[in-house]
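If you scroll down you'll find the structure; I have some questions about it.
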Amino acid sequence: MNEFRSQQEEVERLLSEIEDTKDVLKKISARLSGIEKHVRRAFQIPKPVRERKAPSGKTLSAKSREELMTRFDDVRNLYVESAPWAADRALSETPDDELRAIAKEIGLPDARKSGISQLRAGIMQKVRESSLLGTDSLRGAEKTSQPTTGDGLPVLGAVDLAADDQ
Amino acid sequence: MAGKSPKTIATINFKGGVGKTTVTWCLGDVVSSMSNAKVLMFDLDAQMSLTQAIALNEETGALEDRFGAWYQRSIQRKKTVFDALDAYARPTGTFDFGTGFDLIYKLTETFHFVPSVEDLYWMELEVFDRDHVKDFIRRLLGKIQSNPNLPDYDYVLFDCPPSFTLLSYSVLSCCDLVLIPVNGDFFASKGTSLILNSLKMRIEPFPLPRIGVFMNRAKTYGGHPTKEAQFYIREVERVCSNAAATQGIQAKFFDSWIPDRAAIKRAITGGGVPADLIDPFRRLWAESIAYVR
């Protein structure tokens, strides 16, 4: 004979027992994690790195990572060798999916969700960083007619000291 | 020490906070404890981060008794690295300075340490002959090497300040390897670029040591560097090969990298090298030594 008066009552009791069992399992799991942590620390056993799926080389566009990074290099070279506007134009002529894929490959956050103009600005920022890393110093970017030594410092005596007296 | 020359490795980056001190200590700890190699480590940074981290007792927050007492004695007896430099720079022309365990502190049987002192802060204000000081570390190591009461060190590590001080000048003029940790950000990468593109002309006429650059504190995802970390790895690798080609220097970007772990902050003050960083540091060491062998 069924102890429950209705089917509804039986289901509620079952659900409640399931909840209780889940709580017990959670407590057991927490206790086991604590013991594992203690043992690992005591015996210097590193926590195994959870291997995720290795990067497949598949990107947001049909192009591979290498192709996308080569495209990024091309834009940087335009920035350095031609002018910033040339790099900007090259980016604006790049298809959206490719732009998104480049943004993802250079580590811009939210490359999938951000708007295209935001992505383009982010990529240009990385282009500027990359070009600055390639120069010896900020002085290297300046156009100056002042004579310099091998390390870019002004040659002594070349500075117009008389200008200070004016 | 007998006649065998130790391999000398200096950790430097003109950007502060990239992990020079922690890397130096972790390498020394891993190597001395796992291979029985005898390691001597210098703290040449006036900020004394390494010295203070070693001295800091995690339990009480005070100077560890043993080190504290030793350190005070060392200062009183004028046996610090600054006193050594002072003795070396005297106009007498002779370097009259005894090296022993009042200059060198035993962290463990195989891991020894020359701490920094506050006087190094003011060192640049003293009138030292730059060209003369350039040879100071080489001469000091010679003294340590020829002292029969000191061990035969296999490796000497230097924690350098994030600037080109007289002492870093002296270290870089004589070491076998310059190890440059870089982080996954623009400023740390730029610090690397500055060193690579200007070190040679500062060190000449001494031959430039080999330079090894590696990614430190790389952010990871699933056990691999994140895309952003990979971007900077690629950028710094490019800077390295460009510098090697244009400056005629031996600069290499290492395959080894050290992942970012919060536990590393407590490594020196008592936590030890985090268990999951021991292998990355071993790999970094193996690559460094293979490069200078």
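In this text, all values refer to a predicted model and were calculated from it rather than measured experimentally. Throughout, protein chains are lettered first and strands after them, A, B, ... in sequence-line order, and every chain is numbered starting at 1.
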Exercise. Does a sphere of radius 6.0 Å around NZ in B:K38 hold more than 12 heavy atoms from other residues, nucleotides or ligands, not counting ones at 6.0 Å or beyond?
Worked result: no
Problem set entry | Over 12 non-hydrogen atoms of neighbours within 6.0 angstrom of CD in B:E109 | no
For this session: Could you tell me which residues satisfy side-chain hydrogen bond (donor to acceptor under 3.5 Å, both in side chains) with A:D73, sequence neighbours excluded, listed by chain and number?
Result: A:R76, B:R234
Show every donor-acceptor pair shorter than 3.5 Å between a side-chain atom in residues 20-35 of chain A and any protein atom, with sequence neighbours excluded, or say none if there are none.
residue, atom, partner, partner atom, Å
A:T21, OG1, A:E17, O, 2.7
A:S33, OG, A:S29, O, 3.0

For this session: Report yes if the side chains of B:F186 and A:R128 come closer than 4.5 Å at any heavy-atom pair, otherwise no.
Result: no
Problem set entry | Contacting moiety of B:S189, where chain A heavy atoms sit under 4.5 Å | both
Exercise. Do B:R238 and A:S130 come close enough that some side-chain heavy atom pair is under 4.5 Å?
Worked result: yes
Problem set entry | Rounded distance [0.5 Å steps], CG in A:L133 versus CG in B:L196 | 11.0 Å
For this session: Please name the residue in the list A:R65, A:E105, A:M69 that meets the side-chain contact (heavy atoms from CB on, under 4.5 Å) test with B:Q230.
Result: A:R65
Exercise. Are B:F187 and A:E129 side-chain neighbours, meaning at least one heavy-atom pair lies under 4.5 Å?
Worked result: no
Exercise. Does B:K219 NZ have over 12 foreign heavy atoms under 6.0 Å away?
Worked result: no
Problem set entry | Check: B:E228 and A:I106 side chains under 4.5 Å, non-hydrogen atoms | no
Seminar exercise, completed: Honestly, the part of A:L108 sitting under 4.5 Å from a heavy atom of chain B is neither
Problem set entry | Portion of B:L277 that has a non-hydrogen atom of chain A nearer than 4.5 angstrom | neither
For this session: Flag yes if more than 12 heavy atoms outside A:Q7 fall under 6.0 Å of its CD atom; otherwise flag no.
Result: no
